[in-house]
> 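Pasting a structure here, questions to come.
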Amino acid sequence: SPWTLAIHGGAGAMAPGMFTPEHEDACHAGLESALAAGSAVLADGGSALDAVEAAVMVLEDNPLFNAGRGSVFTFEGRNEMDAAVMDGTTRSAGAIAGLTNTKNPVRAARAVMEKSPHVLLSHEGANRFSSEMGLEQADSEWFATAERRRQWEEFKERKTGWFDADLKYG
Amino acid sequence: TVGAVAVDASGHVAAATSTGGLTGKRWGRIGDSPVIGAGTYADDRACAVSATGTGEVFIRNAAAHEIAARMRLLGETAQQAVDAVMAEVGAMGGDGGVIFAAHDGSAGFAFNTPGMFRGRADASGLHETAIY
């Protein structure tokens, strides 16, 4: 059957005119790169699972999107990342939460699915599992972009309470 | 949050979601992305789904699994199912969106916010990205 791929880079309150034309172009370019990576796998007869992993890794490496590099900051000023994969063939699944130093969290989620008897691992244990599986690690600075730090500083300035459903970021 | 869903040439579906979460999140807060059946789900008998938005509402709704179940049990198309679940998410005060790739080769999205970074491509040459 013909292959199909869809991606997203997050939903939110962005409205026409909110971004500069340059920022919009950069977002479109980021989405294009992810589509190209996933489409290449599928056009080559590859699996849906390999395709979605490839597409998500491109977006994780792109600081414009809230995943991997460019993830938003926690209250304590850290980057804690979550990811999941699921294979519709067998309904096997893998998920990881609270990851702090794995360059591509989606690969850690896939390792949980393929190299552990579990479905969901989190925080310190998830970090240890990722290292033990030999996945590429990155320093905290890799994930922490200036723009996300600025947003975090802005968040801290607002004393309206610790949780604001109107949060503009992430 | 970022995500991808696909149907391959063998008709198998898969989903992947990855996120940094919410700015200022505390206490190890986790949203829907890594909760299988909430923000991420895939079932060859129906579709693959990746969600983004108010994670707490997508979890309470078990949104991604609900979309696949509606297709299996009610015979809805993927678009009908995602529209119905997103309406329910909205009614519960949640906002955001979902993308899907279905076993019939269709792919699409539904969202109740002004924008969602999204893209689609397929074997026929469709290749599009959009924000609003």
Side-chain angles (χ1 to χ4, degrees), chain A residues 1-16 27-28 31-32 35 38-39 42 45 47-49 51-53 55-56 59-60 65-67 71-75 79 81-89 91 93 95-98 105-106 119-120 151-152 155 162 167 169-170, chain B residues 1-9 11-26 28 30-31 33-36 39-44 48 50 52-53 95-97 99-101 105-109 111 113-124 127 129 131-132:
Chain A
S1 60
W3 58 264
T4 298
L5 171 70
I7 62 171
H8 74 75
M14 48 278 220
C27 292
H28 276 288
L31 294 168
E32 288 285 349
L35 269 183
S39 299
L42 292 164
S47 70
L49 184 61
V52 296
E53 181 187 46
V56 165
L59 293 171
E60 286 178 335
F65 298 97
N66 177 22
S71 287
V72 296
F73 281 47
T74 69
F75 191 82
N79 300 111
M81 291 154 278
D82 316 322
V85 294
M86 188 162 184
D87 182 348
T89 315
R91 280 181 282 157
I96 202 126
V106 70
V119 172
L120 174 61
Q151 295 169 2
W152 178 61
F155 167 81
W162 66 269
L167 280 174
Y169 305 101
Chain B
T1 304
V2 301
V5 288
V7 179
D8 60 33
H12 298 306
V13 299
T17 311
S18 182
T19 190
L22 268 181
T23 296
K25 63 186 179 180
R26 290 177 80 174
I30 294 168
S33 298
V35 180
I36 301 299
T40 308
Y41 198 72
D43 182 342
D44 272 7
S50 175
T52 176
D95 62 28
I99 57 173
F100 70 83
S106 63
F109 29 82
F111 54 102
T113 51
M116 180 163 88
F117 299 109
R118 60 197 187 279
R120 218 172 12 176
D122 70 20
S124 72
H127 192 96
T129 61
I131 295 176
Y132 311 106

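Reminder, nothing fancy here: chain letters follow the sequence lines and each chain counts from 1.
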> What part of A:L120 gets within 4.5 angstrom of chain B, counting heavy atoms only: side chain, backbone, both, or neither?
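Only the side chain of A:L120 comes within 4.5 Å of chain B.
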
> Taking all non-hydrogen atoms of both residues, which atom of A:M86 and which atom of B:A42 are closest, and how far apart?
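Closest heavy-atom pair between A:M86 and B:A42: SD-N, 3.3 Å.
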
> Which heavy-atom pair separates A:A15 from B:Y132 by the least distance, and what is that distance?
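Smallest interatomic distance, heavy atoms only, reads C-CE2, 3.3 Å.
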
> Just by distance, no angles: are the side chains of A:H28 and B:T129 close enough, under 3.5 Å, to form a donor-acceptor pair?
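Present: a donor and an acceptor within the cut-off.
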
> Sort out for me which of B:A15, B:A107, B:G97 touches chain A most, counting heavy-atom pairs under 4.5 Å.
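Top count of heavy-atom pairs under 4.5 Å with chain A: B:A15.
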
> For the atom pair NE2 (B:H127) and CD (A:E32), what is the distance rounded to the nearest 0.5 Å?
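Answer for the NE2-CD pair, B:H127 versus A:E32, is 3.5 Å.
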
> Given heavy-atom pairs under 4.5 angstrom as the criterion, report whether the side chain, backbone, both or neither of A:L42 touches chain B.
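Side chain only.
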
> Would you compute the distance between atom OG1 of B:T52 and atom CG of A:N66 and round it to the nearest 0.5 angstrom?
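Going from OG1 on B:T52 over to CG on A:N66, the span is 8.0 Å.
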
> Do you know which of B:A121, B:G28, B:S33 has the most heavy-atom pairs under 4.5 Å to chain A?
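Of B:A121, B:G28, B:S33, B:A121 has the most heavy-atom pairs under 4.5 Å with chain A.
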
> Less than 4.5 Å apart, any side-chain heavy atom of B:F117 and any of A:L31?
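Yes; the side chains approach each other to less than 4.5 Å.
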
> Find the one option among B:I30, B:V13, B:V2 whose heavy-atom pairs under 4.5 Å with chain A are most numerous.
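Ranked by heavy-atom pairs under 4.5 Å with chain A, first place is B:V2.
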
> Between A:N79 and chain B, with a heavy-atom cut-off of 4.5 Å, which part of the residue counts as in contact: side chain, backbone, both or neither?
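Answer is neither: A:N79 stays 4.5 Å or more from chain B.
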
> Side chains of A:L5 and B:R120, heavy atoms from C-beta outward: is any pair under 4.5 Å?
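No - every pair of side-chain heavy atoms lies 4.5 Å or more apart.
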
> If I compare all heavy atoms of A:V52 with all of B:A14, which pair ends up nearest, and what's the gap?
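Minimum heavy-atom separation between A:V52 and B:A14: CG1-O, 3.6 Å.
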
> Chain A heavy atoms under 4.5 Å from B:F100: which part of the residue, side chain, backbone, both or neither?
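It is the backbone, since no side chain atom gets that close.
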
> Would you mind checking which part of B:A48 comes under 4.5 Å of any heavy atom in chain A, side chain (CB onward), backbone (N, CA, C, O), both or neither?
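Contact with chain A is absent: no heavy atom of B:A48 under 4.5 Å.
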
> Run the ring pair (Phe, Tyr, Trp, His ring centres under 6.0 Å) test against A:F73 and tell me which residues pass, sequence neighbours left out.
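For A:F73, the residues satisfying ring pair (Phe, Tyr, Trp, His ring centres under 6.0 Å) (neighbours in sequence not counted) are A:W152.
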
> Taking side chain to side chain donor-acceptor pair (under 3.5 Å) as the test, write out the residues that go with B:T17, two or more places apart.
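B:T17 satisfies side chain to side chain donor-acceptor pair (under 3.5 Å) with B:T40, B:S50 once adjacent residues are dropped.
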
> Can you confirm whether A:H8 sits close enough to B:T1 that some side-chain heavy atom of one is under 4.5 Å from a side-chain heavy atom of the other?
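The answer is yes; the side chains approach within 4.5 Å.
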
> Taking all heavy atoms of B:G105 and all of A:T4, pick out the closest pair and write down the distance.
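Shortest heavy-atom separation between B:G105 and A:T4 comes out as O-OG1, 2.7 Å.
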
> Show your working on side chain to side chain contact (heavy atoms under 4.5 Å, CB included) between B:T19 and A:S71 and close with a plain yes or no.
CA-CA 7 Å; B:T19 190; A:S71 287; over 6 Å; no

> Shortest non-hydrogen contact from A:S47 to B:D8?
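In terms of heavy atoms, the two residues are closest at CA-OD2, 3.4 Å.
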
> Which residue out of A:D82, A:T74, A:L59 racks up the most heavy-atom pairs below 4.5 Å with chain B?
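The candidate making the most pairs under 4.5 Å is A:D82.
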
> Considering only heavy atoms and a distance below 4.5 Å, find which of A:A97, A:A83, A:G98 pairs most often with chain B.
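Greatest number of close heavy-atom pairs with chain B: A:A83.
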
> Please determine, by modelled atom types, if B:S18 and A:E60 share a side-chain donor-acceptor pair under 3.5 angstrom.
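Indeed, the side chains of B:S18 and A:E60 share at least one donor-acceptor pair under 3.5 Å.
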
> Heavy atoms only, distances under 4.5 angstrom: which of A:A95, A:A67, A:G10 has the most pairs with chain B? Name it, please.
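Highest number of heavy-atom pairs under 4.5 Å: A:G10.
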
> Quick one: pull up CD in A:Q151 and OG1 in B:T23 and give me the separation to the nearest 0.5 Å.
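Output value for this atom pair is 5.5 Å.
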
> Which atom names give the shortest non-hydrogen contact between B:A4 and A:I7, and what distance separates them?
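In this case the closest contact between B:A4 and A:I7 is CB-CG2, 3.9 Å.
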
